[in-house]
Amino acid sequence: MQNDPRSHGLWEMTAPAAPATQTLSGSCEADVVIVGGGYTGLSAALHLAERGTKVVVLEGKEIGFGGSGRNVGLVNAGMWTMPDELPGVLGQLYGDRLLDLLGNAPKLVFELVQKHAIECEINPVGTLHCAIGKSGLEELQARAEQWQRRGAPVTLLGAEETARRVGTAAYAGSLLDMRAGTIQPLAYVRGLAQAAIAAGAKVYTASPVIGAERSGRRWTVKTGKGAVTADWVIVATNAYTVSPWAEVRAELVHLPYFNFATRPLSPELQKKIVPGREGVWDTAEILSSYRYDQRGRLVFGSVGALRGTGAAIHKAWARRALKKLFPEIGDVAFEAEWYGQIGMTVDNLPRFHRLAENVIGFSGYNGRGIAPGTVFGKVLARHVAGEITEKDLPLPVTDPVAQSFRPVREGYYEVGAQLAHLVQARI
Ligand SMILES: Cc1cc2nc3c(=O)[nH]c(=O)nc-3n(C[C@H](O)[C@H](O)[C@H](O)COP(=O)(O)OP(=O)(O)OC[C@H]3O[C@@H](n4cnc5c(N)ncnc54)[C@H](O)[C@@H]3O)c2cc1C
């Protein structure tokens, strides 16, 4: 995308084409203008357009340019935070509401894919969160017990069963989550755009918003070549925010994450390595993840940016790490490599902001945004349509709080990941 093979890598090579869109030119009116063409913005657009609301989406670059087109494609349920901790942090009401909403969020993704016949390699066979050592297993035991008390279909698997399912003895156990699965992320977001357009939404690309002004009770949102006047503005720019709502970005620390895609593995290897094709990630602080695409390529990722010295360091590490996990894989060749920036909040929880009257948005998904972005987009649509009030939302309204020493911390993550991968012999 944008002539950069390291921005969207394999997903761009294999996704169906994006729907045809144009740059906004001239002025128009709408009920709602949405800024940002990722899962949040396009799910909101789809659910609003389905209600007959006049909605315009303005995307600065291309559909799925942000996290939505670059991620691993693990459709997860819940957040990083332990289920039992959420009510403590957010209060019982919001804690339970968020857990319920996000626990069921993958279901909404899979339903939308079916309903709109989105071709996105959907594979709802569950995920395996794999334990590194005793402490990793203890974390997963607690997670399993807390989700099970809430009736979630999660199972703690022992080391032997994990080894059988993953094809390596590297883990002390794993948490199988049958709510979850994998998708082709760029194909999914392009499919959401297609569905929104079919429902009546107008989607403009290469149309970065550069300013917004209140005119009476309405907002006029401006791009270089045009303007949209609307009653509501949904800000869905999240970790890839470029002005004018810079405070959304200032609240997030960018954590870089890369992926390498192997050539399709042989049928024999596919029978040994994750034969059930679950999405896999581990409990390590600098975590690794892997999953198959439809052709049997293994997409293998971890923390780091593929730029400068990082490009070679992380690639060498990925080769070593794969071989260490699965010796039979040998010296792998990669067909694609790419990376993106995950937006991390200070407490690993997402945010709902009212940036001004009738200017609202969710952000800060901490690397778990496929299902949350989809479900938060729907919630935004219901709120704007007057079906639910601000008090009924899954998160309280908060003001964005800029994170201190953000550039330093972002540099630390990037350099720290290189150092760790340079010396790392552990998996
Ligand atoms: C490498 C990586 C791996 C990840 N892995 C996973 C995973 O496996 N599972 C999971 O659930 N989540 C994962 N995530 C997180 C997930 O991808 C994001 O949380 C999610 O895509 C956020 O969606 P969004 O629609 O809110 O924002 P985005 O998809 O980032 O979209 C925001 C859009 O706003 C546009 N924009 C910004 N400023 C303007 C402006 N001024 N005018 C117009 N448009 C503008 C941007 O161009 C961008 O397209 C990962 C993220 C990354 C980067």
Side-chain angles (χ1 to χ4, degrees), residues 1 6-15 38-39 64-80 105-106 109-110 113 120-130 166 174-175 177 179-190 238-240 254-262 273-274 276-306 314-315 317-318 321-322 325 334-344 348 365-374 413 417 421 427:
M1 213 179 275
R6 286 202 176 133
S7 68
H8 296 72
L10 176 68
W11 305 139
E12 187 165 26
M13 285 162 54
T14 61
Y39 304 133
F65 177 79
S68 299
R70 315 168 182 244
N71 62 65
V72 182
L74 301 171
V75 186
N76 291 312
M79 286 273 128
W80 293 111
V109 173
F110 300 140
V113 168
C120 62
E121 306 186 9
I122 171 182
N123 198 20
V125 295
T127 50
L128 290 163
H129 190 180
C130 293
V166 184
S174 63
L175 185 65
D177 190 337
R179 299 168 294 182
T182 60
I183 54 164
Q184 209 280 24
L186 181 61
Y188 173 55
V189 72
R190 286 180 173 176
N238 214 335
Y240 278 81
H254 272 176
L255 176 76
Y257 200 90
F258 63 79
N259 280 292
F260 289 93
T262 66
I273 300 172
V274 203
R277 299 176 99 82
E278 298 92 342
V280 181
W281 80 101
D282 66 33
T283 58
E285 200 174 339
I286 299 184
L287 65 87
S288 309
S289 56
Y290 40 102
R291 42 104 11 129
Y292 282 110
D293 82 339
Q294 205 162 46
R295 288 277 321 278
R297 299 176 181 96
L298 201 58
V299 175
F300 187 71
S302 183
V303 178
L306 301 183
H314 297 308
K315 187 187 257 181
W317 170 84
L322 269 172
L325 274 172
F334 296 124
E335 284 194 346
E337 55 189 70
W338 69 102
Y339 75 103
Q341 301 290 355
I342 293 176
M344 305 293 293
N348 291 340
Y365 303 160
N366 294 275
R368 310 195 85 174
I370 300 172
T374 306
Y413 280 147
H421 284 160
I427 286 273

Next on the checklist: Working note: Phe260 + Val299, criterion side-chain contact (heavy atoms from CB on, under 4.5 Å); need CA distance, chi angles, decisive distance, verdict.
Outcome noted: CA-CA 6 Å; Phe260 289 93; Val299 175; over 6 Å; no
Next on the checklist: According to side chain to side chain donor-acceptor pair (under 3.5 Å), who are the partners of His421, at least two apart in sequence or on a separate chain?
Outcome noted: Ser302, His314
Checklist entry - Does some side-chain heavy atom of Tyr290 sit less than 4.5 Å from a side-chain heavy atom of Thr262? => result no
Checklist entry - If you round to the nearest 0.5 Å, how far is CZ of Phe258 from CG of Leu306? => result 6.5 Å
Output a table of donor-acceptor pairs, distance under 3.5 Å, between side-chain atoms of residues 181-189 and any protein atom two or more places apart or on a different chain; print 'none' if there are none.
residue : atom : partner : partner atom : Å
Gln184  : OE1  : Leu186  : N            : 3.0
Gln184  : OE1  : Ala187  : N            : 2.9
Gln184  : NE2  : Trp11   : O            : 2.9
Gln184  : NE2  : Thr14   : OG1          : 3.0
Tyr188  : OH   : Thr374  : OG1          : 2.9

Item to check | Partner set under side chain to side chain donor-acceptor pair (under 3.5 Å) for Glu335, not counting sequence neighbours | outcome: Arg297
Next on the checklist: Please evaluate residues Tyr365 and Tyr39 with respect to the criterion side-chain contact (heavy atoms from CB on, under 4.5 Å), reporting the C-alpha separation (whole Å), side-chain torsions for both, the decisive distance (0.1 Å), and the verdict.
Outcome noted: CA-CA 11 Å; Tyr365 303 160; Tyr39 304 133; over 6 Å; no
Checklist entry - Which residues pass the side-chain contact (heavy atoms from CB on, under 4.5 Å) test with Pro372, sequence neighbours left out? => result Met79, Leu102, Phe376
Checklist outcome for this item: Here the pair of heavy atoms bringing Ala180 nearest to Asn76 is CB-CA, 4.3 Å
Item to check | With sequence neighbours excluded, residues passing ring pair (Phe, Tyr, Trp, His ring centres under 6.0 Å) with Tyr240 | outcome: none
Next on the checklist: Using the salt bridge (charged side-chain N to carboxylate O under 4.0 Å, His left out) criterion, which residues pair with Arg6? Sequence neighbours excluded.
Outcome noted: Glu337
Checklist entry - Under the ring pair (Phe, Tyr, Trp, His ring centres under 6.0 Å) test, which residues partner Tyr339, sequence neighbours left out? => result none
Checklist entry - Taking all non-hydrogen atoms of both residues, which atom of Leu322 and which atom of Phe334 are closest, and how far apart? => result CD1-CE2, 4.0 Å
Checklist entry - Which residues satisfy the side chain to side chain donor-acceptor pair (under 3.5 Å) test with Tyr413, sequence neighbours excluded? => result none
Next on the checklist: To check you understand the geometry: which heavy-atom pair defines the closest contact between Trp338 and Gly9, and what is its length?
Outcome noted: CB-N, 3.6 Å
Checklist entry - With Ser7, which residues qualify under side-chain contact (heavy atoms from CB on, under 4.5 Å), at least two apart? => result Met1, Asp4, Arg70
Item to check | Under 3.5 Å donor-acceptor, Arg291 side chain and Leu74 backbone | outcome: no
Checklist entry - If every non-hydrogen atom of Ala371 is compared with every non-hydrogen atom of Val75, which pair is closest and at what distance? => result CB-CG1, 4.2 Å
Next on the checklist: Is there a side-chain contact between Ser174 and Val166 in this structure, where contact means two heavy atoms from C-beta onward sitting under 4.5 Å apart?
Outcome noted: no
Checklist outcome for this item: Residue set satisfying salt bridge (charged side-chain N to carboxylate O under 4.0 Å, His left out) with Arg179, at least two apart, ordered chain then number -> Asp177
Item to check | Derivation and outcome, side-chain contact (heavy atoms from CB on, under 4.5 Å), residues Asn259 and Leu10 | outcome: CA-CA 9 Å; Asn259 280 292; Leu10 176 68; over 6 Å; no
Next on the checklist: Main chain of Gln294, side chain of Glu121: is a donor-acceptor contact present, judged purely on distance under 3.5 Å?
Outcome noted: yes
Item to check | Atom of Phe110, atom of Ile122 and distance for their closest heavy-atom approach | outcome: CD2-CD1, 3.5 Å
Checklist entry - Who are the side chain to side chain donor-acceptor pair (under 3.5 Å) partners of Ser68, not counting sequence neighbours? => result none
Next on the checklist: Holding to ring pair (Phe, Tyr, Trp, His ring centres under 6.0 Å), I want the full list of residues that pass it with Phe65, two or more places apart in sequence or in another chain.
Outcome noted: His8
Item to check | Shortest non-hydrogen contact from Tyr257 toward Ser288 | outcome: OH-C, 3.8 Å
Checklist entry - For the side chain of Asp282 and the backbone of Ala284, is there at least one donor-acceptor N/O pair under 3.5 Å apart? => result yes
Item to check | Glu278 side chain near Thr127 side chain, heavy-atom distance below 4.5 Å | outcome: no
Next on the checklist: I'd like to know if the side chain of Asn71 and the backbone of Ile370 have a donor-acceptor N/O pair within less than 3.5 Å.
Outcome noted: no
Item to check | Phe300 side chain near Leu325 side chain, heavy-atom distance below 4.5 Å | outcome: yes
